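Have a look at the structure below, then the notes.
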Amino acid sequence: MGKVSSLLSNQALYSMIMTLMVGVMLGLVVWSSRISSQRGIIEMPESHYDYIIVGGGTAGCVLAARLSANPYHSVLLVEAGEYFNWLSSVPLVTPMLQGSAHDWAYHTKSQVHSSWGLNNQSSACPRGRGLGGTGQMNYMLHYTGSEEDFSRWEDSGATGWGLRQLQPYVSKMLGTEYQCIAKQPYCLNSYQILLMSAAGLHTTSLHQKSQNNCKRVKAQPRMHISHVDVGNSVLGKAFIDAGNELAMAFKGLSFSTVQSTVYKGQRWSSLDGYLRPTLGQHNLKVLLNTRVTKVVFDNARVVQGVELRMSGDLSTKFVRSRKEVVLSAGAINTPHILLQSGVGPQAHLHKYGIPVVSDLNVGFNLHDHLNMPLYVSLETPVSVTINKVQQVHQFWDYMIHGKGLLASSGLVGVGTAETDLGLLLFGFGSTDEKIFRDIANYKQETFHALFPFSHNKTQEGFVLLASCLLPSSRGIVTLNDADPSNEPVIDPQYLQHPHDIACMIRAVKLAISLSSSQPFQHLGAKLHLPQLEECQHLEVDPQNQSYLECIIRTAAITGYHPGGTCKMGSPHDKTTVVDPQLRVRGLHGLRVMDASVMPTPVSGHPNSILIAMADRTADLILRH
Ligand SMILES: Cc1cc2nc3c(=O)[nH]c(=O)nc-3n(C[C@H](O)[C@H](O)[C@H](O)COP(=O)(O)OP(=O)(O)OC[C@H]3O[C@@H](n4cnc5c(N)ncnc54)[C@H](O)[C@@H]3O)c2cc1C
């Protein structure tokens, strides 16, 4: 026994045993998920379905689940990718999905006003490819929008998309509605009451009666949300305290620790919350590894169905839709499919010899957030470092308890100020250079100037991401050629509008103030303003506007939120592509529901908003 314990105390052997056990457990996880993942998946489509949903991403998963809730509707969900591998459920390794087979791995056209420190002046534009879509590879931040975000939409002609109309779906997502368990008349759940109020019905008396007749139980949430606990996070506490300190200097300042769509240490996407529970229903079929190349119309511009190509098969198949086709292929691929189908600007389609079905502003109005990273080193051991992550007990804690560093994305704090400034605190002191440089497409020298300690695996610190939440620049998605399997051209025209650079400079100043606040100074914080080659003619000084403008134009990277390319709004507005019911203008039987319909950016992270929007869209379709 003594011999065994002395052997076990040997660090190398202990590590080996732990690694072996972790390996066996991972094998079991993969094996069991393989078995359960085959429900509802088909190899070959039938000739027709009532509804065809193109794209099983954030929005598509919700739509497929909702439309198939009626057993008399047949629904086909077509997804270009397959299931993501198990790594996608481990929050900390999220960045590793970028550039993998689960990423469309797009890059933008060379930018003029931004991206000077990126290879080819081109920004990466990752998009999830597989069931769950980009929601299966994102950083899991949960945000449901501000009232002003939705008022802006309504004011621009997207009637019916105010906060009041979306709120019931947010409540449903979070399980904050109550359900009736007493079977008595007038017992409505809060979701139903909110829906009635959204429809303009007087609900006070209904609410009263309902309360008397219901035993209130909290509904099951569709999406699980976890919080960074201030009590357990030194960085989180410093972030909140710094917010309090800065409240006098910045108007409308609101700082909190992050909320993430994580459940028991695992990513929780719309695939988990909406689609997965419905898989296996007789009327819902999912076709993986299949790319929709075109929507087909008859002469009266009524949708007939879609053309698709299955992986490994060069032939094109046609599947008919009896009721509607809904495009949910995301802000880049949805306009791409429409353009290939002859729906888009006439002159552009003529250029590629594509017959015009409808002359619409498809691809315009592309908007995205930009993030300017600023590295802050610390003298206190409170951040995530490569050395800490590589400790075997971290794997063990994660596999057994769903806890530890692997259970979090590393994001700690999220702040806003002056309605349009955004700040994120990413609690990484040291990072893997290869992964982080590649995902941003940084030139080596840009990366080293931004992250001077990237070679040091034990370096403590964090990254502040400063952002303009309501940018005015608008870009465009266009065709490269008439071949649907080739990538579209993505030109976000970042920082083209003068408003955006002024706004980004204010956001960077907020980040600089945060790093020099008392709570962070107590942790030994030191901000490292980058000395970038492109800006070497300028004095490195946080007060120097020209220097700040230069570093932003050189090193700011995508916030990963492209949207707006099939703008929703009034059917009489020539710049819109879909009406407020999300029907493509002038066509019949075709809707769009994904980030491309968002008329203007939201002041934060769009994923949970898209889930609520997709849920509401299902009601619009079913009511139709
Ligand atoms: C790295 C990263 C981090 C992010 N972090 C956050 C965050 O923390 N919080 C947040 O709120 N948002 C975040 N986002 C943004 C958010 O995830 C997206 O806005 C959202 O997922 C978009 O949803 P969607 O339904 O519009 O499209 P997607 O989820 O992209 O779904 C589109 C689906 O359609 C499929 N598809 C595309 N073309 C075809 C075709 N021709 N045929 C068949 N299928 C097709 C795709 O494979 C994909 O599955 C992040 C994004 C990225 C890339």
Side-chain angles (χ1 to χ4, degrees), residues 52-63 76-84 91 94-99 102-106 124-145 223 258-262 267 269-271 286-295 306-311 326-338 340-341 368-369 371 409 411 414 424 426 439-440 465 484-485 488 557-566 592-598 601-602 604-611 613-614 617:
I52 299 176
I53 298 159
V54 180
T58 296
C61 284
V62 179
L63 282 166
L76 175 68
L77 175 63
V78 188
E79 167 52 48
E82 50 185 328
Y83 270 103
F84 277 70
T94 293
M96 286 168 68
L97 297 166
Q98 292 179 48
H102 298 299
D103 182 5
W104 289 84
Y106 290 139
C125 180
R127 301 281 86 202
R129 182 184 187 134
L131 222 44
T134 311
Q136 198 63 29
M137 71 176 309
N138 68 13
Y139 286 107
M140 296 155 284
L141 285 168
H142 167 72
Y143 175 70
T144 53
M223 296 300 287
V258 303
Q259 299 189 9
S260 312
T261 49
V262 171
R267 174 191 299 275
S269 67
S270 65
L271 165 63
V286 181
L287 195 55
L288 297 177
N289 294 312
T290 304
R291 183 169 179 166
V292 168
T293 51
K294 196 174 169 186
V295 182
V306 295
E307 282 184 5
L308 41 85
R309 280 187 203 156
M310 302 172 77
S311 163
V326 188
L327 295 180
S328 296
I332 308 299
N333 285 14
T334 287
H336 191 216
I337 296 169
L338 282 173
Q340 293 289 351
S341 312
D368 191 8
H369 290 134
N371 284 327
S409 66
L411 284 159
V414 55
L424 275 175
F426 207 18
I439 63 178
L465 296 169
S485 50
I557 48 174
T558 174
Y560 303 119
H561 301 155
T565 46
C566 300
V592 174
M593 174 52 236
D594 57 31
S596 50
V597 302
M598 293 178 148
V602 289
H605 306 272
N607 198 61
S608 295
I609 297 171
L610 286 164
I611 291 176
M613 288 176 73
T617 306

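As the structure lists them, so they are numbered: ligands from 1, and atoms in each ligand from 1. Remember, predicted model here, so these are calculated numbers, not experimental data.
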| message | If I apply the N/O under 3.5 Å rule, does Trp104 come out as touching ligand 1? | response | yes
| field | ligand 1 to Ala331 polar contact by distance, N or O atoms, under 3.5 Å | value | no
| task | Check whether any N or O atom of Ser608, backbone or side chain, sits under 3.5 Å from an N or O atom of ligand 1, and answer yes or no. | result | no
| Under a 4.5 Å cut-off applied to non-hydrogen side-chain atoms, are Leu76 and Leu287 in contact? | yes
| task | Answer yes or no for Thr293: is there a heavy-atom contact with ligand 1 below 4.0 Å? | result | no
| query | Can an N or O of Met140 be found at a distance shorter than 3.5 Å from an N or O of ligand 1? | reply | yes
| query | Does Gly130 have a heavy atom less than 4.0 Å from any atom of ligand 1? | reply | yes
| Are Arg129 and Trp104 in a cation-pi contact, defined as NZ or CZ under 6.0 Å from the six-membered ring centre and within 45° of the axis? | yes
| said: I'd like the name of whichever of Pro126, Pro95, Pro562 reaches closest to atom 53 (C) of ligand 1 through any heavy atom. | reply: Pro126
| query | Is there a side-chain contact between Ile337 and Leu327, using heavy atoms and a 4.5 Å cut-off? | reply | yes
| query | Should Ser485 and Arg309 count as side-chain neighbours, where that means a heavy-atom distance under 4.5 Å? | reply | yes
| said: I'd like to know if the side chain of Ser341 and the backbone of Val295 have a donor-acceptor N/O pair within less than 3.5 Å. | reply: yes
| field | Partners passing ring-ring contact (aromatic ring centres under 6.0 Å, His included) against His561 (at least two apart in sequence or in another chain) | value | His369, His605
| Do Val292 and ligand 1 have an N or O pair less than 3.5 Å apart? | yes
